[in-house]
2 protein chains.
Amino acid sequence: MAGHDRTISVLKLFTIDRPVWTAEKVAEALEVSVSSAYRYVAILVEAGLLTPARGGSYVLGPAIIQYDRQIQLTDPLLVAARPVMADILRYAPSHSVILLSRMFEDTVLCIDQLVDGTYPTAEVSYARGRPMPLFRGATSKIMLPYLPTRDLRRLHAAHAGEIRDAGLGEGWDEFRKALTEMRRRGYVITYWEIDPERIGIAAPLLEDQKRLLGSLSYVIPKSEQDTAPRLGPLLMAAAREVEVRLAED
Amino acid sequence: MAGHDRTISVLKLFTIDRPVWTAEKVAEALEVSVSSAYRYVAILVEAGLLTPARGGSYVLGPAIIQYDRQIQLTDPLLVAARPVMADILRYAPSHSVILLSRMFEDTVLCIDQLVDGTYPTAEVSYARGRPMPLFRGATSKIMLPYLPTRDLRRLHAAHAGEIRDAGLGEGWDEFRKALTEMRRRGYVITYWEIDPERIGIAAPLLEDQKRLLGSLSYVIPKSEQDTAPRLGPLLMAAAREVEVRLAED
DNA sequence: AAATTTTTCGCGTATAATGCGAATTATGTT
DNA sequence: AACATAATTCGCATTATACGCGAAAAATTT
């Protein structure tokens with residue numbers, strides 16, 4: 001178990017629910033001296049990861065914004081997926097959204113979103129950088145079968161209730177069976193599990209048919225229920241194309 | 001001079017020009033052992049700031065994307081400025097862009113960008129998170145008069161040529177005089193200094209009329225040359241409004 | 001201008017990071 | 001599939017460096 005850098009622990013305190021911290025509060029939270037808290041904060045400010053706000057408080061800093069742009073321009077998965085996403089947009093019904101997502105800390109994060117031209121994105125819950133539940137919605141569900149068993153055991157132990165409520169089985173065995181079935185089919189369709197008026201269709205992105213990278217998904221209007229099954233195989237093909245692009249260069 | 005956290009130094013290696021690193025290359029670059037490099041990388045991966053890519057290499061990770069969204073939703077300056085920006089968009093000629101920017105490491109970073117509805121943003125160089133030159137363009141220039149003198153001395157020593165080319169004076173004294181003049185007027189207008197077909201108009205954002213927070217600017221089409229001077233005072237008023245909003249709560 | 005709070009600095013001590021080399025795991029090849 | 005090679009982790013002794021303390025300095029408020 002790694003991950004015991006004091007300075008980075010400070011950064012982890014800055015969450016959506018608590019985005020503003022003073023050095024003193026940091027010292028309390030991490031149980032270190034105030035001088036150390038100031039030292040940590042100074043390092044993070046120097047790196048641009050934090051920036052001073054009013055009243056001796058600190059918030060996330062400009063380096064984040066710059067790094068985010070760097071990801072948009074250089075991230076291999078993003079770069080490999082983007083043209084494919086643009087390509088498959090034309091096969092989707094209008095008012096659809098295409099998502100590129102990946103796991104992060106027991107949640108699913110939308111990494112990139114493609115919407116057809118004029119459509120207001122606000123109506124779909126998946127927003128770039130917004131953590132989404134791991135067991136609800138096609139985008140999330142399709143990732144589960146490709147997780148290492150130890151992760152699945154831990155997840156099931158911690159979230160058995162959620163897993164049941166998501167229709168993924170009553171106990172461990174049923175859970176595994178549900179996952180096997182998803183893996184066999186190769187894609188997942190869910191009906192208004194996240195947004196009431198939307199259907200999600202998702203396929204996994206894998207490295208060498210094994211390690212999970214993320215998922216590729218359509219979010220289409222409820223009214224397009226008939227088109228949904230056709231889009232599953234289409235997404236699988238697109239996902240494979242992304243995988244190939246990723247492997248080249 | 002603080003800022004000597006080894007783990008964070010690793011993060012600083014990941015730039016637009018060199019966005020992919022292996023542990024071994026990190027070890028070389030920082031002149032540490034490979035095991036240490038692996039340790040640092042593991043810490044950053046655990047924090048989500050890095051993520052593994054193909055072939056034992058690493059790239060910036062999902063935490064960046066999540067943090068970026070957090071900034072969008074919670075950053076005090078951003079939150080204070082956004083409604084004001086929306087408000088002053090209606091006074092700008094069509095095909096205009098409004099920018100919220102701040103300094104970062106001797107560059108200027110666009111923090112938020114507001115374009116009128118249908119207009120394609122690609123035609124303006126200022127992109128969210130893209131570092132822009134510190135001495136060219138109204139957005140940048142208007143910040144200079146509010147920098148501490150020691151910063152200005154350092155900048156002038158390092159970039160005397162750029163400063164001259166930007167029309168900010170031949171030597172140190174002329175430079176200071178140019179800055180004083182900008183401060184006196186309260187806003188800056190520049191003509192096609194960044195984009196050939198654009199005029200920039202910018203006003204500073206200050207904390208208690210002193211410390212520089214950033215700048216607020218219009219980017220308007222070249223054809224609107226006559227409107228530009230009217231927009232200067234308008235931006236100053238808007239900037240003051242942002243400052244007040246920021247001070248409340 | 002005085003008082004109070006916030007932030008930085010200097011320093012001795014002890015903790016925790018470091019490099020080494022070996023063990024383990026992953027990857028690629030015949 | 002078995003081997004060879006590379007990539008990554010682990011264990012440990014050493015010493016560097018991050019730590020807390022208290023004081024000094026700076027900033028903020030009264």
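Chain A is the first sequence line, chain B the second, and so forth, proteins listed ahead of strands; every chain is numbered from 1. When reading the values below, keep in mind they use all heavy atoms of this one structure, side chains included, and skip hydrogens, waters and symmetry mates.
- Residue Tyr58(B) is the one, among Tyr58(B) and Glu207(B), whose nearest nucleotide of DNA chain D lies closer to the 5' end (criterion: closest heavy atom).
- Computed from coordinates, the Ile43(A) CD1 to dT7(C) P distance equals 16 Å when rounded to whole Å.
- In this structure a side-chain-to-backbone donor-acceptor pair under 3.5 Å is present from Asp5(B) to Thr7(B).
- Comparing atom distances between the Ser35(B) side chain and each of dC10(D), dG20(D), dT8(D) picks out dC10(D) as nearest.
- Protein atom CG of Asp5(B) is 15 Å distant from nucleotide atom C1' of dA16(D), rounded to whole Å.
- Closest to the side chain of Ser36(B), out of dT18(C), dC19(D), dT8(D), is dT18(C).
- Ring planes of Phe14(B) and Trp21(B): tilted class, angle from 30 to 60°.
- For Tyr38(A) and dT8(C), the shortest distance from a side-chain N or O to OP1 or OP2 is not below 4.0 Å.
- Between Phe135(B) and His159(B), the two ring planes are tilted [angle within 30° to 60°].
- Between the CZ atom of Arg211(A) and the P atom of dT25(C) there is a distance of 18 Å, rounded to whole Å.
- Taking only side-chain nitrogens and oxygens, Tyr40(A) comes nearer than 4.0 Å to OP1 or OP2 of dC19(D).
- Computed from coordinates, the Leu50(A) CG to dT7(C) P distance equals 13 Å when rounded to whole Å.
- Comparing Gly56(A) and Arg6(A) by the nucleotide of DNA chain C whose heavy atom lies nearest to each, the residue mapping closer to the 5' end is Gly56(A).
- You'll find that the side chain of Glu24(B) is closest to dA7(D), out of dC20(C), dA7(D), dC19(D).
- One finds the CG atom of Leu216(B) at 10.5 Å from the CG atom of Asp112(B) (value rounded to the nearest 0.5 Å).
- When the P atom of dT8(D) is taken as reference, atom CG of Leu44(B) falls 15 Å away, rounded to whole Å.
- Following rounding to the nearest Å, Ile8(B) (CD1) and dT17(D) (P) show an atom-to-atom distance of 17 Å.
- Remark: Leu205(B) CG to Tyr146(B) OH distance equals 10.5 Å, nearest 0.5 Å.
- When rounded to the nearest whole Å, the span between CD of Glu46(B) and C1' of dT8(D) equals 17 Å.
- For the pair Arg54(B) CZ and dA26(C) P, the computed distance is 16 Å after rounding to whole Å.
- Across all strands, Val34(B) comes closer than 4.0 Å to no nucleic acid atom at all (heavy-atom distances).
- Checking dG19(C), dG20(D), dT7(C) against the side-chain heavy atoms of Arg39(A) singles out dG20(D) as nearest.
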